[in-house]
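One structure is given here, and the rest of the page talks about it.
Atom set for the values below is all heavy atoms of this structure, side chains included, hydrogens, waters and symmetry mates excluded.
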Amino acid sequence: MGPSEVAWRDTMRPVRFYMIDARLLALLTVWLFVPNWWTTAAVLSAIAAFRVAEVRGFRFRAGLRALRAASAGRRHALHAARLRRFVDFG
């Protein structure tokens with residue numbers, strides 16, 4: 001089998017730029033157009049946070065999903081008015 005026959009295996013690999021995910025490069029382009037101290041801090045903290053998440057086993061998309069779930073808080077399948085409350089009959 002030549003390399004042209006197994007190229008499909010690499011299609012699901014994340015695109016990386018050295019150690020970071022390539023989607024974080026969008027933040028670097030923002031930093032290039034707005035080079036302030038707060039954009040530098042925001043870009044570096046985002047890169048560090050997603051790098052720590054990757055070391056712990058999260059991928060970039062899974063890290064974003066976990067961040068969204070954590071910011072949404074606890075959610076119930078039922079509306080709050082239809083939740084059953086605990087009652088003490090004793």
May I ask you to check whether over 12 heavy atoms, not counting those of R61, lie within 6.0 Å of atom CZ? no
For residues 30-38, please give each side-chain donor-acceptor pair under 3.5 Å, one per line with the distance, not counting sequence neighbours.
from, atom 1, to, atom 2, distance (Å)
W31, NE1, T40, OG1, 2.6

Give the cluster check for L28 versus F50: same hydrophobic cluster or not, with ILVMFWY residues linked at side-chain heavy-atom distances below 4.5 Å. yes
Just verifying a value: how many Å separate R23 CZ and R16 CZ, rounded to the nearest 0.5 Å? 10.0 Å
Any chain of hydrophobic side-chain contacts (each under 4.5 Å) joining Y18 to V43? yes
